[in-house]
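Step one of this worksheet: look at the structure below.
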Amino acid sequence: ITADYNPSSIPADLWVSVNPGSDTALGLGMSQVIISEGLHKEDFIKEQTDLPLLVRSDNSKFLRESHLKEEGRDYIYYMIDKDGEIVEAPHKSLVLDDLDPALEGEAEVETLDGTVKVRTVFSNLKDLLDREYTPEKASEKCGVNPDVIRTMGRKFGNARGVCQASATYGVGKYYHGNLMQ
């Protein structure tokens, strides 16, 4: 994935020319395909990301214990478990043990400020991707054909490897490139 065809492009199975600085739109378009086609690895996402955590609808911040209890801790976050109950997220380790958090869901909770609607980060992300980053919409931003975005999304979703982004190369050289990564 590079704006120009260069020596590192020669041995590639697929060279994708992207509008300079639009790598994020391409990645989000691929993510929309991966999630909408069910190619994501739920167990990995549940354990290794913040996507099961709950976000308040009133201020878009993670739901914390300090929102629910006087003297509550700011580092305790919450999830919805498989039974639909709101539970503390592990904070000493990523290991979930018997906890099986829901990736999608919403609820109403009684906070110190009153009743607030909460949703999982995954639910918010999925809505954003479906609204703004379908392959057609991502294509308008990054200049890559929607069929290529779908193909790449499927290849990444079915891959048995990892994707490495480096600050040394590519978008890391742009102002706020670290945010794009």
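All values below come from the heavy atoms of this structure, side chains included, with hydrogens, waters and symmetry mates left out.
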Heavy-atom side-chain proximity of I149 to C142 below 4.5 angstrom: yes
Salt bridge R73-E65, side-chain N to carboxylate O under 4.0 Å: yes
Salt bridge R56-D113, side-chain N to carboxylate O under 4.0 Å: yes
Within 6.0 Å of NZ in K141, more than 12 heavy atoms from elsewhere: yes
Expected output: side-chain K155 to main-chain R150 donor-acceptor under 3.5 Å: no
Aromatic ring pairing F62/Y77, orientation class (parallel under 30°, perpendicular over 60°, tilted between): perpendicular
Aromatic contact, H67 with Y78 (centres under 6.0 Å): no
T120 and L103, any side-chain heavy atoms less than 4.5 Å apart: no
CA sep, side-chain torsions, deciding dist, call: W15, I10, side chain to side chain contact (heavy atoms under 4.5 Å, CB included): CA-CA 8 Å; W15 168 64; I10 294 168; over 6 Å; no
Heavy atoms of other groups near K69 NZ, more than 12 under 6.0 Å: no
R119 side chain near D127 side chain, heavy-atom distance below 4.5 Å: yes
Heavy-atom donor-acceptor pair, D4 side chain to N6 backbone, under 3.5 Å: no
Heavy-atom side-chain proximity of L54 to V109 below 4.5 angstrom: no
S139 and V144, any side-chain heavy atoms less than 4.5 Å apart: no
Heavy-atom side-chain proximity of P101 to L96 below 4.5 angstrom: yes
Within 6.0 angstrom of D43 CG, more than 12 heavy atoms from elsewhere: no
